[in-house]
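See below for the structure under consideration.
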Amino acid sequence: MNTASDHLTRERTPGAATIMRAGLFLLIIVCGLALRRFGPVLGLPFFFVKYGGSVLWGTMVFFLVAMAAPTRSPSAIALISATVAICVELFRLIHTPWLDDFRLTTLGALLIGRVFSPWNMLAYGVGIVLAMWLDRLGISIFARARLSARHAPHSAS
């Protein structure tokens, strides 16, 4: 649900929103890599490691789209993100020797995955909803901080 204040906040703080989104984007990548690398070592269940990574991947896609299209509404960003995530998942159904070789690399597995799974699409959706919440929370925090700074008494030096 968009409010007039959300719209004004996005218009007035595109730099702050982009910085916040870039920070979350990088943090999500680090968390996803850490989950895949250390999750099994820590004894986390396979389900949590597998689909937790997919949730984080969907969240990452949202923030990537949000940085690329900062003036779009969160629902438009979510729709674009879901389309990208579904297309990437469906792309896993295409097999050629060079593409399958790329999928066997770590980078290929992280970017486009190896095996098609409809459950991944559900996990991406959960990640996109999580990202919408994080985005709204982050923008709201920036707006409140900016409002507080504007109304704070200025001390004379």
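Hydrogens, waters and symmetry mates are skipped; everything else that's a heavy atom, side chains included, is used.
Ile29 and Leu111 fall into different hydrophobic clusters, where Ile, Leu, Val, Met, Phe, Trp and Tyr residues are linked whenever their side-chain heavy atoms come under 4.5 Å apart, directly or through other members. Cluster annotation: Val65 and Leu79 are assigned to distinct hydrophobic clusters (Ile/Leu/Val/Met/Phe/Trp/Tyr, side-chain heavy-atom contacts under 4.5 Å, transitive). Leu137 and Val55 fall within the same hydrophobic cluster, defined by Ile, Leu, Val, Met, Phe, Trp and Tyr side-chain heavy atoms under 4.5 Å apart, directly or through other members. Transitive grouping of hydrophobic side chains (ILVMFWY, heavy atoms separated by less than 4.5 Å) brings Ile28 and Trp133 into a common cluster. Note on Leu122 and Val129: separate hydrophobic clusters, where clusters join Ile, Leu, Val, Met, Phe, Trp and Tyr whose side-chain heavy atoms are under 4.5 Å apart, directly or indirectly.
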Begin with the C-alpha distance, continue with both residues' side-chain angles, and end with the deciding distance and a verdict on side chain to side chain contact (heavy atoms under 4.5 Å, CB included) for Leu99 and Phe91.
CA-CA 10 Å; Leu99 191 54; Phe91 185 65; 3.6 Å; yes

Audit row: Arg92, Asn120, side chain to side chain contact (heavy atoms under 4.5 Å, CB included) steps and yes/no
CA-CA 11 Å; Arg92 293 178 187 175; Asn120 280 342; 2.9 Å; yes

Should Tyr124 and Ile86 be marked as a side chain to side chain contact (heavy atoms under 4.5 Å, CB included) after you check the CA-CA gap, both sets of side-chain angles, and the distance that decides it?
CA-CA 8 Å; Tyr124 301 150; Ile86 289 169; 5.9 Å; no

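Residues meeting the ring pair (Phe, Tyr, Trp, His ring centres under 6.0 Å) test with Phe63, sequence neighbours left out: none.
Distance check, rounded to the nearest 0.5 Å: CG of Leu44 to CZ of Arg36 gives 12.0 Å. Remark: Arg21 CZ to Leu134 CG distance equals 11.5 Å, nearest 0.5 Å. In this structure, the separation between NE2 on His95 and CZ on Arg103 is 5.5 Å, given to the nearest 0.5 Å. Atom OG1 of Thr18 is separated from atom CE of Met20 by 8.5 Å, given to the nearest 0.5 angstrom. Going from atom CG of Asp100 over to atom CZ of Arg114 covers 11.0 Å, rounded to the nearest 0.5 Å. The CG atom of Leu64 sits 11.0 Å away from the CD1 atom of Ile77 when rounded to the nearest 0.5 Å.
In plain terms, the two heavy atoms of Gly127 and Thr59 that are nearest each other are O-OG1, 2.9 Å. Ala78 and Ile128 get closest at one heavy-atom pair: CB-CG2, 3.7 Å.
Considering only heavy atoms from C-beta on, Phe62 stays 4.5 Å or farther from Ile80 through its side chain. In this structure, Phe102 and Ile112 have side chains that are in contact, with non-hydrogen atoms separated by less than 4.5 Å. Considering only heavy atoms from C-beta on, Leu24 stays 4.5 Å or farther from Asp135 through its side chain. Counting only heavy atoms from C-beta outward, the side chains of Leu110 and Thr106 approach each other to under 4.5 Å. For the pair Cys31 and Leu35, the minimum side-chain heavy-atom distance is 4.5 Å or more. Side-chain contact between Met121 and Phe116 is present, with at least one heavy-atom pair separated by less than 4.5 Å. Between Trp57 and Val88, some side-chain heavy-atom pair lies under the 4.5 Å cut-off.
Hydrophobic cluster membership for Phe46: none, as no Ile, Leu, Val, Met, Phe, Trp or Tyr side chain comes under 4.5 Å of it.
In this model, a donor atom of one side chain and an acceptor atom of the other lie less than 3.5 Å apart for Trp98 and Thr96.
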